[in-house]
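All values below were derived from every heavy atom in this structure, side-chain atoms included, with hydrogens, water molecules and symmetry-related copies excluded.
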Amino acid sequence: MKASISDHILASAGALFYREGIRAVGIDRIIEETKVAKATLYRHFPSKDHLVAAYLRDRHERVIRSLEEALNEVPSPRDQLNLIFERLHEKADSPEFRGCAFALAVAEHGDSERVVTVARAHKATVSQMFRALMERAGIETAQPAGHLSLLYEGALATVAVGRDPQTVLTARDCALFVFDTALSSIKTAEKGRA
């Protein structure tokens, strides 16, 4: 099935934005890459700001789908957590990896409320996924889930700057330690009440 014009524009622009940066890629470059008329581009995306927000919404859907696949692939919350970081490591071990598209977008285009809103919603969704993972393990206090989210975000930022995918595995080890410690605390508390 042939992609729609807006999907074609979005895919091409998104690849350029992630690879080269939002500010570095102008509308003329997107038109040249997509081979669509300027009027066609603006009919689908009224401004570059709209296009950047659409790119981030599309990226959000792909990232969340990838995280959900990891959650559905293995049954135990601990294994799910491990797999999330393993998948991030696989992505980070690619020469095309530049880090978190949302952090990059806010760093470059943070004056756009539209862009910031999409980025914040994405971060909140990822954070909620870690909370839900911890709740499935019986860990209902918010702090350990916050630690996991911070480790995930920190891994994205650290590997983008340091270009060492091993930092993701270090973050994974820390995340598993947080998970195990939180679970152990609950078991200890339950024994104390028995």
Side-chain angles (χ1 to χ4, degrees), residues 11 14-25 52 55-110 115-137 139 141-186:
L16 288 169
F17 290 153
Y18 187 73
R19 185 174 61 240
E20 299 177 23
I22 293 168
R23 293 207 187 277
V25 176
V52 172
Y55 148 67
L56 291 176
R57 283 190 296 274
D58 179 66
R59 189 88 177 194
H60 166 76
E61 290 173 14
R62 288 188 288 135
V63 169
I64 297 306
R65 191 169 40 249
S66 174
L67 289 170
E68 287 171 345
E69 286 169 4
L71 294 173
N72 292 327
E73 192 169 312
V74 292
S76 84
R78 189 180 195 281
D79 291 341
Q80 292 169 347
L81 181 61
N82 183 61
L83 189 56
I84 286 170
F85 280 90
E86 291 286 334
R87 295 270 170 85
L88 180 58
H89 175 258
E90 290 169 13
K91 290 176 188 167
D93 201 19
S94 162
E96 293 85 34
F97 187 79
R98 291 189 61 228
C100 175
F102 303 91
L104 293 169
V106 170
E108 283 194 75
H109 217 58
V115 168
V116 170
T117 299
V118 174
R120 285 182 180 157
H122 172 75
K123 297 299 183 184
T125 301
V126 171
S127 186
Q128 177 54 42
M129 291 179 88
F130 281 113
R131 276 194 298 279
L133 182 150
M134 295 299 269
E135 288 171 4
R136 284 192 301 279
I139 304 164
T141 57
Q143 190 177 32
H147 293 160
L148 297 182
S149 186
L150 189 58
L151 284 163
Y152 182 81
E153 298 299 336
L156 279 166
T158 303
V159 76
V161 174
R163 304 303 308 156
D164 180 6
Q166 288 301 114
T167 59
V168 176
L169 298 179
T170 301
R172 176 208 56 200
D173 295 345
C174 293
L176 292 173
F177 178 79
V178 167
F179 181 91
D180 293 342
T181 301
L183 198 56
S184 176
S185 294
I186 287 173

Worksheet entry | Steps toward side-chain contact (heavy atoms from CB on, under 4.5 Å) verdict (T181, V178) | CA-CA 5 Å; T181 301; V178 167; 5.9 Å; no
Practice prompt. Might you work through the side-chain contact (heavy atoms from CB on, under 4.5 Å) test for I64 and V126, ending with a clear yes or no?
Written response: CA-CA 7 Å; I64 297 306; V126 171; 3.9 Å; yes
Item to complete: Evaluate the criterion side-chain contact (heavy atoms from CB on, under 4.5 Å) for residue pair H60 and F102; output intermediate values, then yes/no.
Response: CA-CA 9 Å; H60 166 76; F102 303 91; 3.9 Å; yes
Worksheet entry | Stepwise salt bridge (Lys or Arg N to Asp or Glu O under 4.0 Å) test for R19 and E96 | CA-CA 7 Å; R19 185 174 61 240; E96 293 85 34; over 6 Å; no
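Two residues are said to be in side-chain contact when any heavy atoms from C-beta on lie closer than 4.5 Å; R163 and F97 meet this criterion. Residues L169 and R172 have side chains in contact (heavy-atom distance under 4.5 Å, counting atoms from C-beta outward). Counting only heavy atoms from C-beta outward, the side chains of L156 and E153 approach each other to under 4.5 Å. Looking at F130 and L151, their side chains never come closer than 4.5 Å, going by heavy atoms from C-beta outward. Counting heavy atoms from C-beta on, the side chains of I84 and L71 come closer than 4.5 Å.
In this structure, L176 CG and N82 CG are separated by 5.0 Å, a value rounded to the nearest 0.5 Å. Between the CZ atom in F17 and the CG atom in L56 there is a gap of 9.0 Å [rounded to 0.5 Å]. Atom OG1 of T167 is separated from atom NE2 of H89 by 8.5 Å, given to the nearest 0.5 angstrom. Between atom CG of residue L133 and atom CD of residue Q128 there is a gap of 11.0 Å, rounded to the nearest 0.5 Å. Here the CD-CD1 distance, from E108 to I22, works out to 5.0 Å after rounding to the nearest 0.5 Å. For the atom pair CZ (R65) and CG (N72), the distance works out to 13.0 Å, reported to the nearest 0.5 Å.
Shortest non-hydrogen contact noted between H122 and V63 is CE1-CG1, 3.5 Å. Residues F179 and L81 come closest through the heavy atom pair CB-CD2, 3.8 Å. Heavy-atom minimum distance, L88 versus A155: CD2-CB, 4.2 Å. For F85 against A175, the heavy-atom pair with the smallest separation is CE1-CB, 3.6 Å. M134 approaches A182 most closely through the heavy-atom pair CE-CB, 4.3 Å. Y18 approaches A101 most closely through the heavy-atom pair CD1-CB, 3.9 Å.
Not one N or O on the side chain of R131 forms a donor-acceptor pair closer than 3.5 Å with the backbone of A145. With hydrogens and angles disregarded, no donor-acceptor distance shorter than 3.5 Å links the side chain of S127 to the backbone of K123. Of the possible polar contacts, none joining the E20 side chain to the V25 backbone as a donor-acceptor pair under 3.5 Å is found. Without hydrogens or angle criteria, S184 side chain to D180 main chain gives no donor-acceptor distance under 3.5 Å.
Summarising the local packing, CD of E86 is surrounded by more than 12 heavy atoms from other residues, nucleotides or ligands at distances under 6.0 Å. Residue-environment remark: CZ (R120) stays at or below the threshold of 12 foreign heavy atoms within 6.0 Å.
Just one of R87, E68, Q80 meets the side-chain contact (heavy atoms from CB on, under 4.5 Å) condition when paired with E73; it is R87.
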